[in-house]
Trainee: 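Before I ask anything, here is the structure I am working with.
These values consider heavy atoms only, across backbone and side chains, with no hydrogens, waters or symmetry-generated copies. Naming: A, B, ... by sequence-line order, numbering from 1 per chain. Since this is a predicted model, take the numbers as computed values, not measurements.
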2 protein chains.
Amino acid sequence: MGRAVKGSREGGDARRERWRAHREARREEFVDATIRALTKHGPEVGMDEIAAEAGVTKPVLYRHFADKSDLYLAVGHRGTEMLLERMRPALVDDGTPYERIHRAVDAYLSTIEEHPALYHFVVRRSFADKPVEQDVVSQDKQLIANTLARLLGDYLRAFELDSGGAEPWAYAVVGMVQSAGDWWLERQSMTRQSLTEYLTKIIWFAIEGLLRSGGIAIDPDLPLSLGPALRLVPDPESPASAG
Amino acid sequence: MGRAVKGSREGGDARRERWRAHREARREEFVDATIRALTKHGPEVGMDEIAAEAGVTKPVLYRHFADKSDLYLAVGHRGTEMLLERMRPALVDDGTPYERIHRAVDAYLSTIEEHPALYHFVVRRSFADKPVEQDVVSQDKQLIANTLARLLGDYLRAFELDSGGAEPWAYAVVGMVQSAGDWWLERQSMTRQSLTEYLTKIIWFAIEGLLRSGGIAIDPDLPLSLGPALRLVPDPESPASAG
DNA sequence: AGTTACCGTTACTTCCGGTAACAGTAATCC
DNA sequence: GGATTACTGTTACCGGAAGTAACGGTAACT
């Protein structure tokens, strides 16, 4: 990044632009290979094995990723993308609240069910292993939580309730579903449907209680719309809400 | 382990027994040192640094711990002990349900607030790093969740409700508090009291809703006892509940 | 034709977890 | 008292995996 543009004028040379898309594609390709290697060798894959899976050798990998955790981060993002893609309809569509929650939870559980290796790698191992400066860990979880926080906050404000709790609520819900999902994935001692039902109820009861304590009653089976298109909120540090 | 007892008959020699307590103490001492080293050097401490902090060299460490993750596991257990110690009164005492939840949550948050380095190490880094066979990761979280599951299950059965949800509920609650606590610890944009309040409400509302949907109404401010002494439930795999 | 920006390799260094080998001390057993 | 046991501790090494250096090849744009 920020490589000094030496002698060439920036717009003219197509050679720089040309490769950007390519590099992007290559990274994705390596992410694919990493996931394959992951499912094959387990979470302790080495860079050599990943490179081999991609059909190249290590240095090639290191031309596209700064280091191991950079690669792992990309893998994490891939997972998050998949997850959000699956959950988005439930979150943005109109529909009864209960049903939307239910669908979102089910989307989450079915996604992790379909990609257990990836899930374990991202969530359990949390691609640690790094003299890393800051929150390498779960900026993806953050992304999801922030998205949810925005959604909750909008609703709370629409009901003229204290919206200060939106963020902790979001993190609470995310952690809750993740933790229960983790448990479920490990020993599948219960059908996915059952777990979805339980979790949906917890969330729904909590929301209902919150609203009721604020003097508002809503029906779980009445549609409830208020959707400006769902936006993703990548940066949690930016002070957006002042008053 | 299982070292063959060569010539000496087992009972007679006091020399074997004598050292057991000592070894135990030594391990604890090293765990202390590890935590100190952790707060000093951050989560990326090396074994050499830990050993140095303990005033010895590496091989000494390896005489008491099989490997790095064995040591880390011990550190995790220490954390769990501290946590459970703090939370136990809230969980076992009689008292109004709302207050008990409140105290338990507050105990959790104040513990992680007091030991952020330890917390980060145990929870975020999840002492991974190991060609480990199974769930090295969070058998401590499991311990907590199972304890809670037992508690919840007892109550559910006492109310003659479906107790099948006790376990997912427990994991959900644990994950919820952990996730929100994690968020809070990072950017302390809210007082501990506020967060405690929010979390307590979520949990309480969820429980209340669950009971109400089962046709039971309870008062958050009426004491609710039913405590056989709180037991810890270390092993989740043992098939205890059949019918 | 020359430049740029990739493609890819082999062989290396570095760091760190873990071990081998060696030596000293205090208590228990006979 | 002397042997045995079970620790105390050290220095010097091994091995594996992350990451790098240095080299060479190819295709497209100017």
Side-chain angles (χ1 to χ4, degrees), chain A residues 3-27 29-30 33-34 37 41-73 127-132 136, chain B residues 1 3-27 29-30 33-34 37 41-52 54-73 127-132 136:
Chain A
R3 180 170 310 174
V5 183
K6 266 192 292 194
S8 54
R9 43 251 182 270
E10 58 267 1
D13 200 334
R15 274 174 296 192
R16 196 156 26 254
E17 280 309 295
R18 213 190 93 78
W19 288 110
R20 267 232 311 257
H22 180 51
R23 283 189 68 89
E24 209 43 44
R26 208 81 212 285
R27 270 179 74 104
E29 177 186 321
F30 285 136
T34 305
H41 301 94
E44 302 292 331
V45 220
M47 290 301 262
D48 285 301
E49 290 165 307
I50 294 174
E53 182 67 41
V56 295
T57 50
K58 248 193 311 177
V60 178
L61 223 50
Y62 279 99
R63 280 218 265 276
H64 295 269
F65 298 92
D67 56 15
K68 204 181 181 184
S69 52
D70 187 24
L71 172 58
Y72 285 5
L73 213 54
F127 34 99
D129 261 31
K130 187 63 199 311
V132 85
V136 164
Chain B
M1 318 188 164
R3 180 171 311 172
V5 183
K6 267 193 290 194
S8 55
R9 42 250 183 274
E10 58 266 2
D13 201 333
R15 276 174 295 192
R16 196 157 26 253
E17 281 309 295
R18 213 191 92 78
W19 289 109
R20 267 233 309 258
H22 179 52
R23 284 188 66 89
E24 210 41 47
R26 208 80 214 285
R27 270 179 74 105
E29 177 187 321
F30 285 136
T34 306
H41 300 94
E44 302 292 330
V45 220
M47 290 301 262
D48 285 300
E49 290 166 307
I50 293 174
V56 295
T57 50
K58 249 191 313 179
V60 178
L61 222 50
Y62 280 98
R63 279 217 265 278
H64 296 269
F65 298 92
D67 55 16
K68 204 181 181 184
S69 51
D70 187 22
L71 172 58
Y72 285 4
L73 214 54
F127 36 98
D129 262 30
K130 189 62 200 312
V132 82
V136 163

Trainee: What's the closest nucleotide to the side chain of H22(A) if the choices are dG18(C), dC7(C), dT20(D)?
Mentor: dC7(C)
Trainee: D48(A) has an atom CG; how far is it from atom C1' of dT10(C), in whole Å?
Mentor: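 Value for this atom pair: 12 Å.
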Trainee: Whole-Å distance between dC16(C) P and L71(B) CG?
Mentor: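 Those two atoms, CG and P, are 17 Å apart.
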Trainee: Nearest to the side chain of Y62(B) - dG19(D), dT10(D), dG18(C)?
Mentor: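 Taking heavy atoms from C-beta onward, the closest nucleotide is dG18(C).
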Trainee: Measure from the side-chain heavy atoms of P59(B) and tell me the nearest of dT19(C), dC7(D), dT9(C).
Mentor: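 Comparing dT19(C), dC7(D), dT9(C) against the side chain of P59(B), the answer is dT19(C).
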Trainee: Using atom CE of M47(B) as one end and atom P of dC14(D) as the other, report the distance to the nearest whole Å.
Mentor: 21 Å
Trainee: I need the minimum non-hydrogen distance between H64(B) and R26(B), along with the two atoms involved.
Mentor: CE1-CG, 3.4 Å
Trainee: Hey, does V56(B) reach any base, or is it just sugar-phosphate, or nothing, if we go heavy atoms under 4.0 Å?
Mentor: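 Sugar-phosphate, backbone atoms only, no base.
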Trainee: Rounded to the nearest angstrom, tell me the gap between atom NZ in K58(A) and atom C1' in dC12(C).
Mentor: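 From K58(A) NZ to dC12(C) C1': 10 Å.
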Trainee: Ignoring backbone atoms, test whether R26(B) places a side-chain nitrogen or oxygen under 4.0 Å from the OP1 or OP2 oxygen of dT8(D).
Mentor: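 So the side chain of R26(B) is within the cut-off, an N or O lying under 4.0 Å from OP1 or OP2 of dT8(D).
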Trainee: If you find the nucleotide of DNA chain D closest to G55(B) and the one closest to R23(B), which residue's nucleotide is nearer the 5' end?
Mentor: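 Between the two, 5'-proximity favours R23(B).
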Trainee: Output the single nucleotide from dG18(C), dT10(D), dC6(C) whose closest atom is nearest the side chain of D67(B).
Mentor: dG18(C)
Trainee: Take the protein atom CZ of R20(A) and the nucleotide atom C1' of dT4(C), then report the distance between them rounded to whole Å.
Mentor: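 After rounding, the gap between these two atoms is 16 Å.
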Trainee: Grab the two heavy atoms, one from E53(A) and one from A33(A), that are nearest each other, plus how far apart they are.
Mentor: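 In terms of heavy atoms, the two residues are closest at CG-O, 3.4 Å.
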Trainee: Whole angstroms only, please: what is the CG-P distance between L61(B) and dT10(D)?
Mentor: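 Distance check: L61(B) CG to dT10(D) P gives 11 Å.
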Trainee: Does any donor-acceptor pair link the side chain of K68(A) with the base of dG19(D) at a separation under 3.5 Å?
Mentor: no
Trainee: Round to a whole Å and report the spacing from CD of E49(A) to P of dG16(D).
Mentor: 13 Å
Trainee: How close do V45(B) and K68(B) get, counting heavy atoms only, and between which atoms?
Mentor: O-NZ, 3.9 Å
Trainee: Mind listing the closest non-hydrogen atom pair of E44(B) and E49(B) along with its distance?
Mentor: O-OE1, 4.3 Å
Trainee: For a quick test of reading the model: is some side-chain N or O of H64(B) closer than 4.0 Å to OP1 or OP2 of dT8(D)?
Mentor: yes
Trainee: In whole angstrom, give the distance that lies between atom CD1 of I50(B) and atom P of dG17(C).
Mentor: 8 Å
Trainee: Tell me which nucleotide among dC7(D), dT9(C), dT10(D) gets nearest to the side chain of T57(B).
Mentor: dT10(D)
Trainee: Taking all heavy atoms of F30(B) and all of V56(B), pick out the closest pair and write down the distance.
Mentor: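 Residues F30(B) and V56(B), closest heavy atoms: CE2-CG2, 3.9 Å.
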